[in-house]
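Report on one structure; see the data block that follows.
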Amino acid sequence: MGESSPLLTVLAFATLGLLIAVTGGIAYLTTLEWRDRRRRESEKKGNKPPSASRKK
C-alpha cells in the first residue's frame, strides 16, 4: 500500500494550486480594501490624497 494512485496525486496538486490561488486572491482584495480605506480616511480629514501630491 505504499503506492499512491496517479489520480490522487493529480487531485492533491490541483487542491494545492487552488488553495494558493484563493489565498492570493484574498490577500489581493484585502490589500485593495486597506488602501481604499486609507484614502477615504485621508479625504475625510481634508488632507490631499497621496496620489494627488505626486501629480505635477
Side-chain angles (χ1 to χ4, degrees):
M1 284 194 185
E3 297 179 28
S4 62
S5 76
L7 178 61
L8 289 178
T9 303
V10 169
L11 286 175
F13 280 116
T15 302
L16 183 61
L18 285 172
L19 180 65
I20 291 170
V22 168
T23 302
I26 290 171
Y28 174 72
L29 291 174
T30 301
T31 303
L32 285 180
E33 175 62 26
W34 173 73
R35 285 181 14 192
D36 190 44
R37 189 179 326 122
R38 282 183 58 202
R39 184 185 54 81
R40 284 186 308 224
E41 288 174 358
S42 174
E43 288 175 355
K44 194 183 295 183
K45 291 179 183 178
N47 298 334
K48 291 182 183 176
S51 60
S53 63
R54 292 184 205 160
K55 293 181 182 176
K56 292 184 177 181

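Only this structure's heavy atoms are used, side chains among them; waters, hydrogens and symmetry mates stay out.
The CG atom of D36 lies 12.5 Å from the OG1 atom of T31; values are rounded to the nearest 0.5 Å. Between the CD atom in E33 and the CG atom in L29 there is a gap of 9.5 Å [rounded to 0.5 Å].
Of the possible donor and acceptor atoms, one in the side chain of T15 sits under 3.5 Å from a partner among the backbone N and O of L11.
Under a cut-off of 6.0 angstrom, the local environment of CZ in R35 is sparse, with at most 12 non-hydrogen atoms contributed by other residues, nucleotides or ligands.
In summary, R39 and E43 engage in a salt bridge, as defined by a charged side-chain N under 4.0 Å from a carboxylate O.
Test I26, L19, I20 against V22 for side chain to side chain contact (heavy atoms under 4.5 Å, CB included) and you get one pass: I26.
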